[in-house]
> 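Input: one structure, supplied below.
Letters go in sequence order (proteins before strands), and every chain restarts at 1. As the structure is a computational prediction, the values presented were derived from the model and not from experiment.
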Protein chains: 2
Amino acid sequence: MPDTMAAEQDAPGLGPTVTTVVALFTIRDDALHALLVPHGDGSHALPGGAPAPAEGLDAAARRVLATASGAQHVWLEQLYTFGDPQRDPRRAEVAVAWYALVADDRAPHVPGHRATAASPRPADDVAPAAPALSARWWPVTALPPLALDHRRIVDYAIQRLRNKLEYTTVGFQLLPARFTLGELQRVYEAILGRALDKRNFRRRVEVLGIVRPTREMRRTGATRPAQLWRFAATEAPEAIGGPAAPASTSTSSTIATVTTAPVEPLRLARMSPSLRRGPSRTAVAPPDGESLASVTSATTPGHDRGSAA
Amino acid sequence: MPDTMAAEQDAPGLGPTVTTVVALFTIRDDALHALLVPHGDGSHALPGGAPAPAEGLDAAARRVLATASGAQHVWLEQLYTFGDPQRDPRRAEVAVAWYALVADDRAPHVPGHRATAASPRPADDVAPAAPALSARWWPVTALPPLALDHRRIVDYAIQRLRNKLEYTTVGFQLLPARFTLGELQRVYEAILGRALDKRNFRRRVEVLGIVRPTREMRRTGATRPAQLWRFAATEAPEAIGGPAAPASTSTSSTIATVTTAPVEPLRLARMSPSLRRGPSRTAVAPPDGESLASVTSATTPGHDRGSAA
DNA sequence: CCAAAAGTGTTTCGAGTACACCCATGC
DNA sequence: GCATGGGTGTACTCGAAACACTTTTGG
């Protein structure tokens, strides 16, 4: 048994099955929502499916998403692989979990908000082929019971998203091409779950140059019209500087990929009114909930930044 | 095909195989080393193997490590799951990659340093059962050709380790229970690949209280004896405060787990002599090499911090 | 006495954060 | 005219970073 143990032993058939599960998020009504599909009994589940033969894991994730939501341009990142033998009572299954972000306006097939059965609304918002059937947005603050370990996956995805938001520009993936600074700030607030100082937020965003003003204005209701901005990096999809990713991308680029260029990350450590106000010195309790990552030999997911040198 | 698409479709047999691959690191001679096993032709590979039936992925990783290196107390974290259909020419295989850290003195079965065939040294350093055969430490700055996509995995692991080092206390996993501040600093320098300011480093470490002095001193050669310290969190393996991890840990805790308590993370953003000295204002080029994480729809690994709420 | 690592404080600079008022619009 | 969100500047605090010399030991 303990023998030539080279890279990957030749264990013939009968290993665990591989699945792909995706937690897709969007912002609706200034709140973070996740996409769920009904699942057998009363419960719900994340969209998922087994990768087709010769299909990359990421391609599988994209396909699953496109089928369930119609979403085309999604930002997608691998989250964690769950392989606890008990996670599925029926079969041994390894779930490669991903999380994804879409601007609300880019997920065509998904019907209205939280309304459960009250709004039949058969009107197709958009046209692209094969609309999904039952996928729906659920506010992450009021999720229904989820199948298997999906609750855990969603929670972990949210936490990751929250962290990533602070040193990355992923946040922009949740917005349409043009947006107001108010909208941008509300995205951040919705995900981080705390209020941010308007002036500090705007200053930072502008100073970092990750956002460019357009000539357009948006006027909504009874308030002063707002300047429209766009994400600075969403312009030159080619000729990106910076450290290119190594060969890896799946062959079949089934779906166009939202590209973002190297920009300053945002890094809004904490920027809220009077949070954290401990004793003068060390050992102040952790500002938020998590943040500490009390490392207990990370069998529990616990990742960090990356970019692949 | 696009149908009830609930969580995990019932696709019967014949999916990709699942393997576990582990990049184990240690510090030797003030340099980062990775553990490799010979692989068929001239090349080498990361230790790996298929998870046994009903064995969790983490348990599999631990078993693989124990077999290859004899290491018992390893810090282990999942890295990324590689599922590119072409990554293995022979079969479709999904590799769940982990990375791990050991103090040099805790990996018994591994013989001397880089010396390839020059040092037979049959002396068993320690005793525990079933010594591995051919695993060896290789300095990461001079790795031999690696099989499959293992080079990529190692590179990504190093990058992750580097990032994690800056907001976490993983670094201590690479040291024995007692160490001098000089040793600690050299671990950081070896991984980050840059010099750190001695006074700043020491002050931070002490102020954060993540390290406690012992009464012992270490005297080595012709220099002033150094105070020995220990990692503050390695004391109370029970009764850990902080946000506990959710149910997840594999059933069979085959091997004891190095526990670390919630301490301040370290966070030594950058602390080297005259690096980064751009024009007065914004848009200074990124300090290091990577850091930017130019997000190209992260099909490429690109994770972030976490801890599972 | 020389080489080698251990040990020790102060100053500077900038990012992070707190904080309050006027402006443009629709009703 | 009033309610609603858009828009703007300054001062304080604290952590990050730069920087050089003395001490203890073995040979």
> If the cut-off is 4.0 Å, is B:Arg202 near the phosphate of C:dG7, judged by side-chain N/O to OP1 or OP2?
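Result: yes.
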> Specify the separation, in whole Å, of atom CG of A:Leu184 and atom P of D:dG7.
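My rounded result for the distance is 12 Å.
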> In whole Å, what is the span from the CD atom of B:Gln185 to the C1' atom of C:dT8?
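About 14 Å, once rounded to whole Å.
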> Taking only the side-chain heavy atoms of A:Arg203 (C-beta and beyond), determine which of D:dG7, D:dG9, C:dG7 contains the nearest atom.
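The answer is D:dG9, which lies nearest to the side chain.
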> Where do A:Thr168 and A:Tyr188 come nearest, in terms of heavy atoms and distance?
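Scanning both residues completely, I find the closest heavy atoms to be O-OH, 3.9 Å.
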> Check this for me: does any side-chain nitrogen of one of B:Arg194 and B:Glu166 sit under 4.0 Å from a carboxylate oxygen of the other?
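Judged by the 4.0 Å cut-off on N to carboxylate O distance, B:Arg194 and B:Glu166 do form a salt bridge.
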> For the side chain of A:Lys198, starting at C-beta, report the closest nucleotide among D:dA18, D:dG6, D:dG9.
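The answer is D:dG6, which lies nearest to the side chain.
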> Between A:Ala190 and A:Leu32, which heavy-atom pair has the shortest distance, and what is it?
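Closest heavy-atom pair between A:Ala190 and A:Leu32: CB-N, 4.4 Å.
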> In whole angstrom, what separates B:Arg218's CZ from D:dG26's P?
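Interatomic distance, CZ of B:Arg218 to P of D:dG26: 15 Å.
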> Should the pair B:Phe172 and B:Phe179 be assigned to parallel (<30°), tilted (30 to 60°) or perpendicular (>60°) ring geometry?
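Geometry flag for B:Phe179 against B:Phe172: tilted rings.
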> Send over the distance from B:Phe201 CZ to C:dA5 C1', rounded to a whole Å.
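That distance rounds to 15 Å.
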> How long is the line joining CG of B:Asp197 and C1' of C:dC13, in whole Å?
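In whole Å, C:dC13 C1' and B:Asp197 CG are 16 Å from each other.
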> A:Asn200 CG to C:dG14 C1': how many Å, rounded?
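Spelled out: CG on A:Asn200 to C1' on C:dG14 is 15 Å.
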> Tell me which of B:Gly182 and A:Pro225 sits closer to the 5' end of DNA chain C, going by the nucleotide each one is nearest to.
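The answer here is B:Gly182.
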> Is the shortest side-chain N/O distance from A:Arg199 to OP1 or OP2 of C:dC19 below 4.0 Å?
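For C:dC19, neither OP1 nor OP2 has a side-chain N or O of A:Arg199 closer than 4.0 Å.
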> Please determine, for the side chain of B:Gln227, which listed nucleotide (C:dT25, C:dG7, C:dG9) has the closest atom?
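Of the candidates, C:dG7 comes closest.
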> Among D:dA18, D:dT25, D:dG7, which nucleotide sits nearest the side chain of A:Ala226?
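Out of D:dA18, D:dT25, D:dG7, the nucleotide with an atom closest to A:Ala226's side chain is D:dG7.
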> Roughly how many Å is it from CD in A:Glu166 to P in C:dG16, rounded to a whole number?
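Going from CD in A:Glu166 over to P in C:dG16 covers 11 Å.
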> Give the rounded distance in Å between these two atoms: CE of B:Met217 and P of C:dA5.
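So the two atoms are 18 Å apart, to the nearest Å.
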> Measure from the side-chain heavy atoms of A:Arg219 and tell me the nearest of C:dG26, C:dA5, D:dA18.
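Side chain of A:Arg219 sits closest to C:dG26.
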> For the side chain of A:Arg224, counting heavy atoms from C-beta on, which of C:dA24, C:dG26, C:dA6 is nearest?
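In terms of side-chain proximity for A:Arg224, the closest of C:dA24, C:dG26, C:dA6 is C:dA24.
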> Applying the side chain to side chain contact (heavy atoms under 4.5 Å, CB included) criterion to B:Ile191, which one of B:Leu101, B:Leu165, B:Ile158 satisfies it?
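So the option named by the test is B:Leu165.
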> Is the shortest side-chain N/O distance from B:Arg204 to OP1 or OP2 of D:dA16 below 4.0 Å?
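Checking D:dA16 against B:Arg204, a side-chain N or O does come within under 4.0 Å of OP1 or OP2.
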